[in-house]
Amino acid sequence: MPELPEVETLCRQLKKVIVNTEVQELVILDSKLNHVGRLVGWQILSVRRRGKFLELGFENGEILNLHLRMSGRLLWQRHQDALPVHTRFQISFSKGRIICIDPRRFATLSLQKRQDGSPPIADPLKNFHAPSLRKTAQGRRLPVKSFLLDQNTIAGIGNIYACEILHRASISPWRKAGSLSFKEWQRVAAAGLSILRKATACRGTSVSDWLDLHGKKGEYQHHLTVYGRAGCACPHCGEKVQRMVLSGRGTYFCPSCQK
DNA sequence: CGAACGACCTGTTCGC
DNA sequence: TGCGAACAGGTCGTTC
């Protein structure tokens with residue numbers, strides 16, 4: 001479920017509750033996630049987001065890498081409330097605990113040593129500009145939507161926001177990435193920046209079950225123009241929004257605005 | 001290089 | 001109502 005704005009929301013909220021605190025206990029409740037080191041007694045120095053990954057940095061140089069994939073979410077519990085169904089692990093601190101709830105069990109957790117010189121990920125919240133987008137897309141024949149979803153190119157955009165960005169930019173998801181003009185990339189960049197910023201400010205999109213670290217819904221679902229709205233009127237031109245499948249993903253677009 | 005598909009999992013919604 | 005199919009925010013690997 002979580003895309004960039006949702007992971008960024010968790011990152012900001014986690015910083016406030018766990019930085020400079022020490023892990024008291026790690027409990028793994030899913031056999032797929034076993035063998036994730038010890039953590040107990042380690043102090044957390046930093047919480048960062050790389051694309052859709054969350055990275056907890058410890059004072060000893062270790063980094064805990066968490067990816068929530070499709071259905072994972074995190075919840076902060078101040079008291080020892082009952083564990084919700086599908087809780088996959090918990091990390092306890094003196095002030096409370098983080099629990100990870102993940103019905104589909106796709107989420108991954110791993111421990112790594114800090115890697116100096118790991119390549120910086122192009123982050124759409126900070127760096128999403130027409131010149132670099134056009135340069136990276138040069139000669140690429142894949143659909144522009146697949147290009148936006150490629151985490152090796154731009155990290156953090158997922159299916160919801162790819163649909164929304166292309167709609168705002170009035171570009172068909174099927175256009176070959178290499179065929180967009182500079183002006184079109186400018187529209188993509190402007191749409192991307194504004195949509196991702198707004199969605200982050202809204203603490204994400206709660207389209208079915210996304211909740212933030214404190215169990216609150218996001219607000220961006222009230223701003224969606226095409227995602228999940230097949231048959232509804234395009235807010236721009238009134239044409240009916242369509243759903244089609246593009247490389248296996250449900251793709252929502254306005255056939256009139258996005259030729 | 002890229003498209004298509006299956007895997008990984010489980011829950012919810014849709015259509016008959 | 002019941003039941004199976006389709007679908008879901010992500011990614012990886014294989015085959016064509």
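In what follows, chains are A, B, ... by sequence order, proteins preceding strands, each numbered from 1.
- The distance from atom CZ of A:R249 to atom C1' of B:dA4 is 14 Å, rounded to the nearest whole Å.
- Rounded to a whole angstrom, the distance from the C1' atom of B:dC1 to that of C:dG10 is 22 Å.
- Between A:Y161 and A:Y220, the ring planes are tilted. Angles from 30° to 60° get that label.
- In this structure, the side chain of A:E22 does not engage the main chain of A:Q43 through any donor-acceptor pair within 3.5 Å.
- Here A:V27 sits in one hydrophobic cluster together with A:L29, A:L75, A:L83, A:I99, A:I101; the rule is ILVMFWY side chains under 4.5 Å apart, joined directly or through other members.
- Atom NZ of A:K126 has 12 or fewer neighbouring heavy atoms from other residues, nucleotides or ligands inside a 6.0 Å radius.
- Rounded to the nearest 0.5 Å, atoms CD1 (A:I98) and CD1 (A:I91) are 5.0 Å apart.
- For A:H129, the ring-ring contact (aromatic ring centres under 6.0 Å, His included) criterion is met by no residue, not counting sequence neighbours.
- Between the CG atom of A:D102 and the C1' atom of C:dT11 there is a distance of 14 Å, rounded to whole Å.
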side-chain contact (heavy atoms from CB on, under 4.5 Å) between A:F147 and A:I157, intermediate numbers included: CA-CA 10 Å; A:F147 176 82; A:I157 296 178; over 6 Å; no
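- OP1 or OP2 of C:dT11 has at least one side-chain nitrogen or oxygen of A:Q151 nearer than 4.0 Å.
- Nucleic acid contact class of A:T108 (heavy atoms, under 4.0 Å, all strands): none.
- Using a distance-only test at 3.5 Å, with no hydrogens or angles considered, a donor-acceptor pair links the side chain of A:E164 to the main chain of A:V226.
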Reading 5' to 3' through nucleotides 8-13 of chain B, protein heavy-atom contacts under 4.0 Å coded B for base, S for sugar-phosphate only, - for none: BBBS--
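- A:K145 and A:T251 form a side-chain donor-acceptor contact under 3.5 Å, judged by distance and modelled atom types alone.
- Contacts of residues 131-142 of chain A with DNA chain B (heavy atom under 4.0 Å): A:R140, A:R141, A:L142.
- Using modelled atom types, no side-chain atom of A:R97 and backbone atom of A:S92 make a donor-acceptor pair closer than 3.5 Å.
- Distance CG (A:L109) to P (C:dT11): 16 Å, rounded to an integer number of Å.
- Nucleotides B:dC9 and C:dC3 have their P atoms positioned 27 Å apart, rounded to a whole Å.
- Proximity of A:K176 to the phosphate of B:dG2: no side-chain N or O atom is located under 4.0 Å from OP1 or OP2.
- Regarding A:H67, its NE2 atom lies at a distance of 12 Å from the C1' atom of C:dC12, rounded to whole Å.
- A salt bridge links A:R49 with A:D123: at least one charged nitrogen is closer than 4.0 Å to a carboxylate oxygen.
- Distance check on atom P: B:dT10 versus C:dT1 gives 28 Å, rounded to whole Å.
- Within residues 159-172 of chain A, the residues having any heavy atom closer than 4.0 Å to DNA chain C are, in order of number, A:N159, A:I160.
- Put simply, the side chain of A:Q258 gets close to the backbone of A:L166: a donor and an acceptor are under 3.5 Å apart.
- In this structure, A:L66 places its CG atom 15 Å from P of C:dG10, rounding to the nearest Å.
- With A:L211 as the fixed residue, the side chain to side chain contact (heavy atoms under 4.5 Å, CB included) test singles out one of A:R203, A:K216, A:K217, A:E6: A:K217.
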5'-to-3' dot-bracket of DNA chain B (Watson-Crick, G-U; under 3.5 angstrom; crossing pairs as [ ]; | other strand): .|||||||.|||||||
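- Per the geometry, CG belonging to A:N152 stands 7 Å off P belonging to C:dC12, to the nearest Å.
- The distance between atom CG of A:L246 and atom P of C:dG10, rounded to the nearest whole Å, is 14 Å.
- Whole-Å rounding puts the A:L149 CG to B:dA3 P distance at 12 Å.
- For the residue pair A:T200 and A:R12, no side-chain donor N or O sits within less than 3.5 Å of a side-chain acceptor on the partner.
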